[in-house]
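Structure first, commentary second.
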Amino acid sequence: MATEIRVPALGESVTEATVGKWFKQAGDAIAADEPLVELETDKVTLEVPAPAAGVLSEILVKAGDTVAVGALLGAITPGDGKAAAPAAKAPEPMPEPKPAPVAPLTPSPAVAEAPKPAAEPIALEREPVPREEFGAHDDMPPSPAARKLLAERGIGVAGLHGSGRRGQLLKQDVLGAASAPVADAGAQGSGLGAAGAASALLARAPEQKAPPAPRSPIAPEDVVREERVRMTRLRQTIAKRLKEAQDTAAMLTTFNDVDMSAVMALRREYRDAFLKKHGAKLGLMGFFVKACVQALKDTPAVNAEIDGTDIVYKNYYHIGVAVGTDRGLVVPVLRDADRMSVAEIEAAIADFGTRARQGKLGLNEMQGGTFTISNGGIYGSLLSTPILNAPQSGILGMHRIEERAVVRDGQIVARPMMYLALSYDHRLVDGKEAVTFLVHVKEAIEDPKRLVLDL
């Protein structure tokens with residue numbers, strides 16, 4: 001009996017996925033729990049394992065298809081896969097004989113002139129509104145666009161004056177009334193003044209999104225040298241979320257630089273002993289995570305978020321760490337980072353990086369972050385303005401370390417310096433708080449003893 005291969009549960013709020021690629025072909029022998037197919041969701045890429053051992057007898061979806069949770073992907077039959085795939089197929093039924101094509105008949109004059117049956121009436125989305133309902137004093141009924149707005153919201157035209165021909169009410173008359181002064185109670189008619197009715201209409205009307213701009217014309221000789229590739233679900237989600245963050249938050253970035261001499265000396269001194277005891281390399285991220293947690297405690301607004309008209313202050317510290325993969329950027333979360341040691345942080349980040357590149361991160365590992373750290377320095381970035389990871393209110397950007405001339409005790413000396421950038425939501429975080437946060441991070445990195453002493 002065949003065993004079905006179905007789309008597993010994909011996590012909270014995820015209902016469908018895109019088929020990435022099949023690791024096996026029809027007729028291949030497979031072992032239980034062996035990866036069969038890769039699925040891409042809005043947030044992660046996951047592999048679907050074989051529910052049983054046998055032969056992959058059927059593949060029902062191909063790469064690029066969209067499938068819902070529980071959809072049938074293929075089937076597995078018992079066996080060892082030695083038999084050829086065509087031999088396992090049932091004989092195809094004989095095709096039924098097709099009738100000979102019949103030439104179209106030319107209707108006789110009597111038939112051609114026969115009266116056609118009356119067409120069925122087309123169902124309207126809503127009943128037509130009698131003209132009398134728009135006011136008998138108007139010479140012209142409202143325009144179709146204005147009528148649609150009024151009818152959809154159930155708003156009367158009392159107090160609205162048309163600017164069209166013979167006083168016809170136009171769409172812009174309804175929209176423009178929002179800026180007009182509210183009429184008194186005696187002139188409101190149905191209970192809403194002109195401005196009030198229009199304001200209620202605008203408040204409830206769905207936001208109209210501008211259509212995407214058409215692509216610029218391409219020279220014919222360049223068209224053949226282009227390659228068009230469909231965006232993965234993860235890439236589409238990244239693009240959507242980053243654009244939403246820019247459109248929603250009042251995003252601003254403040255900068256500072258930090259002398260990395262003390263941290264780098266500490267790493268050189270204890271690198272081997274740290275690796276031997278903890279089995280993880282002593283990197284920079286452990287210091288920066290601890291420094292950010294301490295700074296977040298001192299500036300709670302950077303760890304908060306806006307929810308409607310409320311500010312939600314979070315007394316826990318889940319630090320997201322941006323990890324780049326060939327599929328796109330993912331941000332796994334160090335939960336309760338304030339309770340983790342530097343060794344635990346370094347080990348967790350190394351594990352995140354490995355599993356992110358393998359596409360094995362779970363959805364629960366990338367949710368619930370309160371603050372994010374992005375290290376563009378590993379790619380050589382000197383300076384950047386990171387984009388918020390909504391709905392968070394802050395993100396720290398790290399950059400490459402390079403020797404620069406600085407003044408110390410009246411002397412010009414070379415020091416390993418790094419630029420830091422904090423992007424924050426100015427709706428919630430004031431400039432004073434943002435600068436204070438960044439200065440506290442700088443002080444902790446330049447004097448790591450402050451982290452031990454909780455200063």
Does Arg228 pair with Glu226 as a salt bridge, N-O distance under 4.0 Å? no
Compare every heavy atom of Ser384 with every heavy atom of Ala421, then report the nearest pair and how far apart it is. CB-O, 3.4 Å
If you define the side chain from C-beta out and look only at heavy atoms, does anything of Leu284 sit under 4.5 Å from Val263? yes
Would you check, one step at a time, whether the test side-chain contact (heavy atoms from CB on, under 4.5 Å) holds for Val323 with Ile349? CA-CA 9 Å; Val323 178; Ile349 291 176; 5.9 Å; no
Residue pair Glu34, Lys24: steps toward the side-chain contact (heavy atoms from CB on, under 4.5 Å) verdict: CA-CA 10 Å; Glu34 183 179 5; Lys24 296 289 185 177; 2.8 Å; yes
Side-chain donor or acceptor of Glu433 paired with backbone N/O of Thr299 under 3.5 Å: no
Looking at Lys243 and Asp247, is any side-chain nitrogen of the basic one under 4.0 Å from a carboxylate oxygen of the acidic one? yes
Phe255 CZ: over 12 foreign heavy atoms closer than 6.0 Å: yes
Pair Lys276-Asp272, salt bridge (charged side-chain N to carboxylate O under 4.0 Å, His left out): steps then yes or no: CA-CA 6 Å; Lys276 182 178 180 180; Asp272 295 337; over 6 Å; no
Check ion pair Lys442-Asp259 (N to O, under 4.0 angstrom): no
Taking only residues at least two apart or on different chains, which pairs with a member in residues 412-425 satisfy side chain to side chain donor-acceptor pair (under 3.5 Å)? Thr253-Ser423, Asp425-Arg427
Can you tell me how far CD1 of Ile59 sits from CD of Gln25, rounded to the nearest 0.5 angstrom? 5.5 Å
Are the side chain of His399 and the backbone N or O of Gly377 linked by a donor-acceptor pair below 3.5 Å? no
Do any N or O atoms from the side chain of Arg6 and from the backbone of Gly70 form a donor-acceptor pair under 3.5 angstrom? yes
Closest approach of Pro448 and Leu266, non-hydrogen atoms and distance? CB-CD2, 4.2 Å
Between Leu296 and Ile319, is any pair of side-chain heavy atoms under 4.5 Å apart? yes
Test your reading of the model: is there a side-chain donor-acceptor pair from Asn256 to the backbone of Leu420, 3.5 Å cut-off? no
Evaluate whether atom CD1 of Ile412 has more than 12 neighbouring non-hydrogen atoms of other residues, nucleotides or ligands under 6.0 angstrom away. no
Does any non-hydrogen side-chain atom of Leu382 lie less than 4.5 Å from one of Glu402? yes
For the student: nearest non-hydrogen atoms of Ala50 and Ile76, plus distance: CB-CD1, 4.1 Å
For the CG atom of Leu428 and the CG atom of Asp430, what is their distance to the nearest 0.5 Å? 8.5 Å
Can you measure from CG (Asp338) to SG (Cys292) and round to the nearest 0.5 angstrom? 13.0 Å
Note, Asn389 side chain near Arg241 side chain (heavy atom, < 4.5 Å): yes
How many angstroms lie between atom CZ of Phe287 and atom CG of Leu451, to the nearest 0.5 angstrom? 8.0 Å
Would you say Pro51 and Ile5 make side-chain contact, with heavy atoms under 4.5 Å? yes
Does Arg408 have more than 12 heavy atoms from other residues, nucleotides or ligands lying within 6.0 Å of its CZ? yes
Side-chain contact, heavy-atom cut-off 4.5 Å: Thr254 with Phe437? no
Are Ile401 and Met264 packed together at the side-chain level, in the sense that at least one heavy-atom pair is separated by less than 4.5 angstrom? yes
Glu403 atom CD, neighbour heavy-atom count above 12 within 6.0 Å: yes
Verify the neighbour count for atom CZ of Arg404: are there more than 12 heavy atoms of other residues, nucleotides or ligands below 6.0 Å? yes
Could you go step by step and tell me if Val48 and Val7 meet the side-chain contact (heavy atoms from CB on, under 4.5 Å) rule? CA-CA 8 Å; Val48 178; Val7 178; over 6 Å; no
How far does CD1 of Ile445 sit from CE of Met398, to the nearest 0.5 angstrom? 7.5 Å
Heavy-atom pair with the smallest gap, counting every atom of Glu305 and Pro391: CB-O, 3.3 Å
Atom pair CD1/CD1 of Ile395 and Ile373 - distance to nearest 0.5 Å: 9.5 Å
Is a side-chain N or O of Asp65 found less than 3.5 angstrom from the main chain of Lys62, in a donor-acceptor match? yes
Donor-acceptor pair, distance only, cut-off 3.5 Å: does the side chain of Ser374 make one with the backbone of Gly397? no
Student check: side-chain heavy atoms of Thr385 and Met251 closer than 4.5 Å: no
Polar side-chain atom of Gln294 near backbone of Ala444 as donor-acceptor pair, under 3.5 Å: no
Closest non-hydrogen contact found for Pro8 with Val69 is O-CG1, 3.8 Å
Hey, which of Thr66, Val67, Leu39, Val61 is the one that makes side chain to side chain contact (heavy atoms under 4.5 Å, CB included) with Thr18? Thr66
Evaluate side-chain contact (heavy atoms from CB on, under 4.5 Å) for Val342 paired with Leu282, printing each intermediate quantity in order. CA-CA 8 Å; Val342 172; Leu282 180 58; 4.0 Å; yes
For Glu346, all residues meeting side chain to side chain donor-acceptor pair (under 3.5 Å), sequence neighbours excluded: none
Taking all non-hydrogen atoms of both residues, which atom of Ala356 and which atom of Val330 are closest, and how far apart? CB-CG2, 3.9 Å
